[in-house]
2 protein chains.
Amino acid sequence: MSNKKTTLKDIAGKLNISTAAVSKALRNDSRISKKTKEAVKKIAKDLDYQPNNLASALRSGKSNLVGVMVPSTSSSYFSSVLQNIEEVLNSKGYNVIVTQSNESYTKECNNIDTLLFTQVDGIIASMANETIDLNYFEKIKSKGIPLILFDRGENNLNVDYIGINDYDSSHMIVNHLVQEGRKNIAHIGGFKHTRIFNNRIRGYIDALQKHKLTLFDDYVSESNLTIEDGRAQMKKLLALKNPPDAVYAASDYAALGALQVLKEEKIAVPKTIALVGFGNEPFTTMVTPTITTIDQHSAEIGKIAAQTFLEYADQKTTTQQLNKKILEAKLIVRESS
Amino acid sequence: MSNKKTTLKDIAGKLNISTAAVSKALRNDSRISKKTKEAVKKIAKDLDYQPNNLASALRSGKSNLVGVMVPSTSSSYFSSVLQNIEEVLNSKGYNVIVTQSNESYTKECNNIDTLLFTQVDGIIASMANETIDLNYFEKIKSKGIPLILFDRGENNLNVDYIGINDYDSSHMIVNHLVQEGRKNIAHIGGFKHTRIFNNRIRGYIDALQKHKLTLFDDYVSESNLTIEDGRAQMKKLLALKNPPDAVYAASDYAALGALQVLKEEKIAVPKTIALVGFGNEPFTTMVTPTITTIDQHSAEIGKIAAQTFLEYADQKTTTQQLNKKILEAKLIVRESS
DNA sequence: TACTTTTGGTTAATCGATTAAGCAAATATA
DNA sequence: TATATTTGCTTAATCGATTAACCAAAAGTA
């Protein structure tokens, strides 16, 4: 009924011993008698003692907090990565602070500042679409804090990166569409300045070439890949003199937007136009037709990211270098192709 | 290039003044000369000084951290609430630690422990489906930390609660279905021990009564309301001698499961059976037919929850009582009814 | 007996920022 | 000129947990 937090001092006071003795008793120091240990533990339990992490963190220089920054938690990909990071880190005594950038560079900078301010022991992040300037990420490195990137990363930062093979994924998709007899394949892409989207575009172009298909300039676009972007790009494609017979969108959201337009225009999917997305968001199985897509192994990426952080966790000096862990993605063929 | 964090001491050393002077200079204390202030600020900037929150938090007793616990961040409802909590609290200098219970009581207890351990200044939570025992939530109160519940809350805890009017929502749904000429309305419900689901069931039953409709025992079920639960319950309903002509599911996920079964069985929706969900998850607009549902004002609930915490934030003693803020929900009629 | 070792603690310093209290020098006031 | 006030800092204590260094008493050993 105290309505106050219990400290070592409270326990020490009850037993007329020093706080040092209490601290040692709780950590089973060999120089404390069994009798004292038992007494301390009993009182600790009675008073519902919980160590003040701020104090230990300040002294030890470790907060046991890890910052995670994602563009948005509502995408099921990021949500799943997050959940797995949390699971791995919690089991090792770390807590996770989650922040969202909402694809905004400004928000991302603010988030980094608050994470550093909170004295996190490390940062795991996926960059916003907007982000081009890497200064703020360099700041993390200069503070000696391990930085792990996943999904949206940058080679130039020279830190660990976990992701899938985007270039190969594009090949898998184009191969699949060609096998289905498609010849005019369009690509609703992300911005080239983001490495993963650039790789998807390169993969798409090279795959077309491999199959001796013509690459029409009008067939490739860059956008934020939202549902709205998908709608807009699909409308543009339909307005072309030679509309495509297959569309590969670099995100499921864009694919969904495209599908909406196709349905509104009563265009048969996949008969007239086949559609492929990217990300294996749950809604791809909910819509009609279900959408063919690429699975990005979100759970595994989260786990590996967390483990990568843990490798640095106990070292006093952090020297990172570019270290990529690339998973092979998986094509999931559904009704839309 | 230092690869180390800058402290007040570092700045003080450069200028040969005390750390106290540096601290005051940075906070614009009137007792520090303009000259010193400028010198301090310049060096602080050069060394990229960032105050150590652990130290200030320890001294002030405020961590500026708020814990948020939700059953899962992947539901768009919780994700949106989260985003709005974060927005409001960040603007007031608070950081948010997000934890997920995954609907597990054990995980919930662990999460509460870690949040308390991290010395959060307050906790905003929505309870797991499993949770019946409230001891762990009492623990939060006994530490003198404000606790704000939303969506899934409990009157007995006597704390602030923000949610929608579930009882009325059921009435709105039943009224709508009756207007559409339905007479046999079934309810795929959540567990009665959770207040909101109990209210939805009570609302459903009372609304039937109001319209002089018979309440068949077989028409009401309790479950976790996952997609799988929705599928199972829908199958049970279809197997009845007198299957319903309308189904009201207490979650969009359950509604989606039900819809899948109906489509598999080639049953016309809404012609043969009308369907209504709950929550206005984005996928309700993505599927065919789009699903009628209830909007829960997630953004507003997040904002109010955050503001409610802020009301307690500056008080040294927290005495909470049952204080409900109930929003009226909104029925969104779509193709499925 | 005289010394060493072990036991079971205590004292005091530390992490970094903040702030009450103090104090010397400069300035103002009577 | 003598006293009061203001300026501009410094000193030291604080938050709570941890730990190196220390010490007295008990137990062991030669």
Side-chain angles (χ1 to χ4, degrees), chain A residues 2 4-41 43-44 47-65 93 116-121 143-144 316, chain B residues 2 4-41 43-44 47-65 93 116-121 143-144 316:
Chain A
S2 55
K4 261 318 252 166
K5 289 172 194 161
T6 307
T7 69
L8 285 187
K9 217 181 192 173
D10 300 329
I11 302 176
K14 288 245 174 196
L15 290 170
N16 257 327
I17 57 176
S18 67
T19 60
V22 176
S23 172
K24 288 179 185 165
L26 290 172
R27 341 186 94 237
N28 272 323
D29 190 297
S30 64
R31 301 293 285 276
I32 301 292
S33 70
K34 192 172 284 183
K35 216 177 81 184
T36 307
K37 281 183 190 167
E38 279 165 6
V40 166
K41 285 177 184 169
I43 303 218
L47 298 183
D48 198 15
Y49 171 74
Q50 206 133 16
N52 184 329
N53 186 235
L54 294 178
S56 346
L58 176 59
R59 187 165 202 285
S60 67
K62 306 210 101 206
S63 65
N64 288 315
L65 246 39
L116 292 177
F117 177 66
T118 318
Q119 308 294 118
V120 293
D121 291 341
K143 298 269 177 188
K316 45 233 122 264
Chain B
S2 55
K4 258 321 244 172
K5 288 172 196 160
T6 307
T7 69
L8 286 188
K9 218 181 189 171
D10 299 329
I11 302 177
K14 289 246 175 195
L15 290 171
N16 257 328
I17 56 176
S18 68
T19 62
V22 176
S23 172
K24 286 179 187 163
L26 290 172
R27 339 186 96 238
N28 271 323
D29 190 298
S30 63
R31 300 293 284 276
I32 301 292
S33 70
K34 193 171 282 183
K35 215 178 83 182
T36 307
K37 280 182 190 167
E38 278 165 5
V40 165
K41 284 176 184 169
I43 302 217
L47 297 183
D48 199 15
Y49 170 74
Q50 206 134 14
N52 183 330
N53 186 235
L54 293 177
S56 350
L58 176 59
R59 187 165 201 285
S60 67
K62 305 211 102 203
S63 65
N64 289 316
L65 247 40
L116 292 177
F117 177 66
T118 318
Q119 308 294 118
V120 292
D121 291 341
K143 299 270 176 186
K316 43 235 121 263

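Sequence lines set the chain letters: A, B, ... in the order given, protein chains first and strands last, and positions in each chain run from 1.
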Whole angstrom value for the distance that separates P of dT18(C) from NZ of Lys9(B): 16 Å
Phosphate OP1/OP2 of dA17(D) contacted by Tyr49(A) side-chain N/O (<4.0 Å): yes
Min side-chain heavy-atom separation Leu15(B)-Val40(B) under 4.5 Å: yes
Spacing of Lys35(A) atom NZ relative to dA26(D) atom C1', expressed in whole Å: 14 Å
Residues within residues 20-30 of chain B bordering DNA chain C, heavy-atom distance below 4.0 Å: Ala20(B), Ser23(B), Lys24(B), Arg27(B)
Nucleotide dG16(C), atom P - distance to NZ of Lys143(A) in whole Å: 13 Å
Given DNA chain C, 5'-ward residue of the pair Arg31(B) and Leu58(B), judged by closest heavy atom: Leu58(B)
5'-most by nearest nucleotide on DNA chain D - Leu54(A) or Lys37(B): Lys37(B)
Backbone of Val120(B) reached by a side-chain donor or acceptor of Thr118(B) within 3.5 Å: no
Backbone N/O of Ile32(A) and side chain of Thr36(A): donor-acceptor pair under 3.5 Å: no
Asn53(A) and Lys62(A): side chain donor to acceptor below 3.5 Å: no
Closest to the Thr19(B) side chain, choosing from dG9(C), dT18(C), dA17(D): dT18(C)
Interatomic distance where NZ belongs to Lys62(A) and P belongs to dG16(D) [whole Å]: 24 Å
Touch class at under 4.0 angstrom, heavy-atom based, for Ser33(B) against every strand present: sugar-phosphate
Non-hydrogen atoms of Asn28(B) and Lys37(B) that approach each other most closely: OD1-CD, 3.6 Å
d(CD1, Ile11(A); C1', dG9(C)) in whole Å: 17 Å
Ser56(B) side-chain N/O to dA17(C) phosphate OP1/OP2 under 4.0 Å: no
Protein-nucleotide distance (Gln50(B), atom CD; dA17(C), atom P), rounded to Å: 11 Å
Thr36(B) vs dC9(D): side-chain N/O to OP1/OP2 distance below 4.0 Å: yes
Distance in Å, Gln50(A) CD paired with Thr6(A) OG1, rounded so as to fall on 0.5 Å steps: 9.0 Å
Length of the line joining Phe117(B):CZ and dG16(D):P, which is rounded to integer Å: 15 Å
Flag, side chain of Thr19(B) to backbone of Leu8(B), donor-acceptor distance under 3.5 Å: no
Arg59(B) CZ to dT14(D) P, straight-line distance once rounded to whole Å: 10 Å
